[in-house]
J.: 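Let me give you the structure first, and then I'll get to my questions.
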Amino acid sequence: MQQEHLFKVLVIGDLGVGKTSVIKRYVHQIFSQHYRATIGVDFALKVLHWDTDTVIRLQLWDIAGQERYGNMTRVYYREAVGALVVFDVTRSSTFDAVLKWKQDLDTKVTLNHGRPVPAVLLANKSDQVAVQHPKLDSFCKENAFVDWFETSAKENTNIEEAVRCLVEHILANEGSGGADGDPGSLVLSGYSCKTKDRLRCGSCVKS
């Protein structure tokens, strides 16, 4: 019997880091230089035929960059089971804001037993000249990100890999009863966060 899951995933980060571009590339395989700034929140749906027995419907919530300062994020974050936290590698201030977004996320939504939802960090706009920033392997370990990827919505770099990594962690939480929904165990298949593609990506950014 085929299992179906609906997962709410937040896409958060400062204004202009490319959240909408990442979502549009992932869901529709399109890219534009001229997206308008998101006001409030926007939505997109991606259906994944994960394996022969599993269909996953990803509800991607595009949270406006200025929303962290408002009172609505608690409503937007409700029932989320994972997050992509995005910064722009060409603007160090957006990396400086990553921890504020992560802390905001952790205080407003948790899994069962009070555990934080899994979050993957996206170092976006890798097609442009990058600024220097700390080694992200240790940064993610210290700040409870499950992993990180250097991405480009323009060149379609590592976006599918990053989302797949996040979904694997969400499914693992589902299987262990760590999130709301079916506690039924699922066998994870396909892409692993620690494959050669991930390792190559993880070595892209150096301090």
J.: Checking Thr157 now: which residues fulfil side-chain hydrogen bond (donor to acceptor under 3.5 Å, both in side chains) with it, not counting sequence neighbours?
T.: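 Expected list: none.
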J.: Taking Arg115 for the side chain and Asn173 for the main chain, is one N or O donor matched with an acceptor at less than 3.5 Å?
T.: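 Checking the backbone N and O of Asn173 against the side chain of Arg115, no donor-acceptor pair under 3.5 Å is found.
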J.: If you link ILVMFWY side chains whenever their heavy atoms are less than 4.5 Å apart, which other residues fall into the same cluster as Val47? By chain and number, please.
T.: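 Members other than Val47 - counting any ILVMFWY side chain reachable under 4.5 Å - are Val55.
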J.: Among all residues two or more places apart in sequence or in another chain, which pass the salt bridge (Lys or Arg N to Asp or Glu O under 4.0 Å) test with Asp106?
T.: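 In terms of salt bridge (Lys or Arg N to Asp or Glu O under 4.0 Å), with neighbours along the sequence ignored, Asp106 is linked to Lys102.
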J.: According to side-chain hydrogen bond (donor to acceptor under 3.5 Å, both in side chains), who are the partners of Gln2, at least two apart in sequence or on a separate chain?
T.: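 Per chain and number, Gln2 pairs via side-chain hydrogen bond (donor to acceptor under 3.5 Å, both in side chains) with no residue.
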J.: Tell me if a side-chain donor or acceptor on Lys46 pairs with a main-chain N or O of Leu60 at a distance below 3.5 Å.
T.: no
J.: Return yes if some donor-acceptor pair links the side-chain N/O of Asn124 with the main-chain N/O of Val17 below 3.5 Å, else return no.
T.: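 Confirmed, Asn124 side chain pairs with Val17 backbone.
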J.: Out of curiosity, Leu6 CG to Glu79 CD, how far, rounded to the nearest 0.5 Å?
T.: 9.5 Å
J.: Measure the spacing between CD1 of Ile23 and CD1 of Ile30 and express it to the nearest 0.5 Å.
T.: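 That separation rounds to 12.0 Å.
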J.: With a 4.5 Å limit on heavy-atom distance, are the side chains of Glu174 and Phe7 in contact?
T.: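 They are in side-chain contact.
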J.: Just verifying a value: how many Å separate Ser152 OG and Arg25 CZ, rounded to the nearest 0.5 Å?
T.: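 CZ of Arg25 is found 8.0 Å from OG of Ser152.
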J.: Just wondering, do Thr20 and Asp42 contact through their side chains at under 4.5 Å, heavy atoms?
T.: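 Contact flag for Asp42/Thr20 side chains = no.
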J.: So, Asp51 side chain and Thr54 main chain: donor-acceptor pair closer than 3.5 Å or not?
T.: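 Flag set: sc Asp51 to bb Thr54 pair under 3.5 Å.
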J.: Backbone N or O of Val109 within a donor-acceptor pair of the Arg78 side chain at under 3.5 Å?
T.: no
J.: Which atom pair, heavy atoms only, marks the closest approach of Ala153 to Ile159?
T.: CA-CD1, 3.6 Å
J.: Could you tell me which non-hydrogen atom of Val117 sits nearest to which non-hydrogen atom of Gly82, and how far apart they are?
T.: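 Heavy-atom minimum between the residues: CB-N, 4.0 Å.
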J.: Okay, side chain of Asn158, backbone of Glu150: is any donor-acceptor separation there less than 3.5 Å?
T.: yes
J.: Just to verify, what does Lys8 make a side-chain hydrogen bond (donor to acceptor under 3.5 Å, both in side chains) with, not counting sequence neighbours?
T.: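 Testing Lys8 for side-chain hydrogen bond (donor to acceptor under 3.5 Å, both in side chains), a comparison that skips the adjacent residues, returns none.
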J.: Please check if any side-chain donor atom of Thr94 sits under 3.5 Å from a side-chain acceptor atom of Asp88, or the reverse.
T.: no
J.: Are the side chains of Asp147 and Pro118 in touch, meaning some heavy atoms are under 4.5 Å apart?
T.: no
J.: At what distance, to the nearest 0.5 angstrom, does CD1 of Ile56 lie from NE2 of His49?
T.: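 It comes to 11.0 Å.
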J.: Asp96: which residues meet the side-chain contact (heavy atoms from CB on, under 4.5 Å) condition with it, sequence neighbours left out?
T.: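 With sequence neighbours excluded, Asp96 shows a side-chain contact (heavy atoms from CB on, under 4.5 Å) to no residue whatsoever.
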J.: With heavy-atom distances below 4.5 Å as the criterion, would you say the side chains of Glu160 and Tyr26 are in contact?
T.: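 Of all side-chain heavy-atom pairs linking Tyr26 with Glu160, at least one is under 4.5 Å.
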J.: Do you know which two heavy atoms are closest between Lys19 and Ile63, and how far apart they sit?
T.: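 In this case the closest contact between Lys19 and Ile63 is CE-O, 2.9 Å.
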J.: When rounded to the nearest 0.5 angstrom, what is the spacing between CG in Leu58 and CZ in Arg164?
T.: 11.0 Å
J.: Are any of the side-chain heavy atoms of Trp101 and Asp14 separated by less than 4.5 Å?
T.: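 They are in side-chain contact.
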J.: Taking only residues two or more places apart in sequence, or in another chain, which ones meet Val98 in a side-chain contact (heavy atoms from CB on, under 4.5 Å)?
T.: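 Val98: side-chain contact (heavy atoms from CB on, under 4.5 Å) contacts with Val85, Phe87, Phe95, Leu121, Phe139, Phe145.
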J.: Does some side-chain heavy atom of Glu161 sit less than 4.5 Å from a side-chain heavy atom of Cys165?
T.: no
J.: Go through the structure and list residues passing side-chain hydrogen bond (donor to acceptor under 3.5 Å, both in side chains) with Asn156, not counting sequence neighbours.
T.: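 Expected list: Gln29.
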J.: Which atoms form the tightest heavy-atom contact between Val9 and Ile170, and what is the distance?
T.: CG2-CD1, 4.0 Å
